[in-house]
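Below is one structure; the comments refer to it alone.
Throughout, protein chains are lettered first and strands after them, A, B, ... in sequence-line order, and every chain is numbered starting at 1.
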There are 2 protein chains.
Amino acid sequence: MVKLVALYKKPAELEDFDNHYGAVHLPLVRKYPGLRKLEVTRITGAPIGEAKFYMMAEMYFDSRDALDAALASQEGKAVARDILSFAAPLITVFIGEVES
Amino acid sequence: MVKLVALYKKPAELEDFDNHYGAVHLPLVRKYPGLRKLEVTRITGAPIGEAKFYMMAEMYFDSRDALDAALASQEGKAVARDILSFAAPLITVFIGEVES
C-alpha cells in the first residue's frame with residue numbers, strides 16, 4: 001500500500017478549522033477515486049514538550065499510480081483547491097510506501 | 001486507539017541509518033508492552049516539491065494510559081536510549097487519537 005500523509009500545524013482559530021475540516025474537507029477527501037482507507041488522527045501531545053502538529057490525515061491507495069491518478073482527478077483537484085482556501089500555511093504533505 | 005508517531009528527517013548516512021533502524025531499533029520497538037500494531041512507512045516523495053521527512057513509524061495502543069505505560073517501561077526506556085544513540089537530531093515524536 002501507498003499512502004498520502006497530510007500533517008497540519010495548529011491553526012489560530014481551532015473551531016473554524018475543525019468545522020471546515022469536518023463539514024467540507026473530509027467529505028471531499030472521501031471522494032478520491034481509488035481511496036482504500038482514510039485514517040484521521042487528532043494530535044494530543046508528545047512524550048516530551050509540545051506536539052508540533054494538530055492533526056494528521058492518512059489516505060491509503062493500492063499503488064503510487066493509483067495515488068497519482070487520484071491527485072490528478074477532478075475530485076483530487078477539488079481537495080487541493082479546498083486546502084488552499086483554509087489550510088495552505090498549515091499543511092505539510094508527503095507520500096510513502098507502507099512497509100509493515 | 002491511540003498512536004505514537006515518530007517522523008524522521010533524512011539522515012546523512014542512509015545506509016547506516018537503515019541498517020541500525022532495521023537490525024536494532026525495530027526489534028526494540030516491537031517489545032513495547034501493549035503494542036497493538038506497528039506501521040512503518042518509507043517516505044518516497046511529495047505531491048509538490050520534496051518530502052521533508054524520510055521515514056515514519058506509527059505505534060498503536062489501546063489507550064493513552066497503555067501508551068504512557070509502554071514509554072515508562074524498561075522496554076520503552078531502551079527504545080528511547082537507542083533513539084538518542086542514532087537519531088536524536090532527526091526525530092519528531094507526537095501522540096494522537098485515531099478518529100476514523
Side-chain angles (χ1 to χ4, degrees), chain A residues 1-10 18 21-22 26-27 29-30 32 35 37-61 63-64 67-73 76-77 79-80 83-84 88 91-100, chain B residues 1-10 18 21-22 26-27 29-30 32 35 37-61 63-64 67-73 76-77 79-80 83-84 88 91-100:
Chain A
M1 297 281 276
V2 169
K3 66 183 178 183
L4 180 67
V5 181
L7 268 170
Y8 297 83
K9 288 185 216 156
K10 194 169 187 173
D18 288 347
Y21 193 83
L26 276 185
V29 169
R30 291 200 173 93
Y32 270 133
L35 182 68
K37 180 179 141 187
L38 168 65
E39 184 166 297
V40 176
T41 300
R42 187 168 295 267
I43 297 163
T44 54
I48 297 170
E50 286 194 16
K52 291 186 182 172
F53 301 102
Y54 178 66
M55 188 170 285
M56 178 166 66
E58 295 165 277
M59 290 136 284
Y60 294 72
F61 296 86
S63 65
R64 177 63 190 262
L67 190 159
D68 288 343
L71 290 176
S73 69
K77 288 174 185 167
V79 170
I83 285 171
L84 292 176
I91 198 170
T92 298
V93 185
F94 54 85
I95 293 164
E97 290 173 15
V98 179
E99 296 198 335
S100 70
Chain B
M1 297 281 274
V2 168
K3 66 183 179 184
L4 180 68
V5 181
L7 268 170
Y8 297 84
K9 288 185 216 156
K10 193 167 187 171
D18 288 347
Y21 193 82
L26 277 184
V29 168
R30 291 201 173 92
Y32 269 134
L35 181 68
K37 180 179 140 186
L38 168 66
E39 184 167 298
V40 176
T41 301
R42 187 167 296 265
I43 298 165
T44 55
I48 298 171
E50 284 194 17
K52 290 185 183 172
F53 301 102
Y54 177 66
M55 189 171 282
M56 178 166 65
E58 296 165 276
M59 292 135 282
Y60 294 73
F61 296 86
S63 65
R64 177 65 190 260
L67 189 159
D68 288 343
L71 290 175
S73 69
K77 288 173 185 167
V79 170
I83 285 172
L84 292 176
I91 197 169
T92 298
V93 185
F94 54 85
I95 293 163
E97 291 174 13
V98 179
E99 296 198 335
S100 69

Q: Step by step, work out the side chain to side chain contact (heavy atoms under 4.5 Å, CB included) result for Thr44(B) and Val2(A).
A: CA-CA 10 Å; Thr44(B) 55; Val2(A) 169; 5.9 Å; no
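- Considering all non-hydrogen atoms of both residues, Val93(B) and Ala46(A) come closest at O-CB, 3.5 Å.
- Note on Ala80(B), Gly49(B), Gly45(B): by heavy-atom pairs under 4.5 Å with chain A, the leading option is Gly45(B).
- Surrounding CG of Leu84(B) are more than 12 heavy atoms belonging to other residues, nucleotides or ligands, all under 6.0 Å away.
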Considering only distance and modelled atom types, tabulate donor-acceptor pairs under 3.5 Å from the side chains of residues 50-57 of chain A, sequence neighbours left out.
from	atom 1	to	atom 2	distance (Å)
Tyr54(A)	OH	Asp18(A)	OD1	2.9
Tyr54(A)	OH	Asp18(A)	OD2	3.0
Tyr54(A)	OH	Arg42(A)	NH1	3.1

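- Of the atoms belonging to Leu26(A), not a single heavy atom falls under 4.5 Å from chain B.
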Q: Go through the steps to decide whether Glu58(B) and Thr41(A) satisfy the test side chain to side chain contact (heavy atoms under 4.5 Å, CB included), and finish with yes or no.
A: CA-CA 11 Å; Glu58(B) 296 165 276; Thr41(A) 300; 5.8 Å; no
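- Heavy atoms of Leu67(B) lying under 4.5 Å from chain A are absent altogether.
- Checked against side chain to side chain donor-acceptor pair (under 3.5 Å), Arg30(B) has no partners two or more places apart in sequence or in another chain.
- Looking only at heavy-atom pairs under 4.5 Å with chain A, the residue among Thr92(B), Val5(B), Val98(B) that has the most is Val98(B).
- Surrounding NZ of Lys37(B) are more than 12 heavy atoms belonging to other residues, nucleotides or ligands, all under 6.0 Å away.
- Only the side chain of Leu4(A) comes within contact range of chain B, with heavy atoms under 4.5 Å apart.
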**Q.** Pair Lys3(B)-Glu39(A), side chain to side chain contact (heavy atoms under 4.5 Å, CB included): steps then yes or no
**A.** CA-CA 12 Å; Lys3(B) 66 183 179 184; Glu39(A) 184 166 297; 2.6 Å; yes
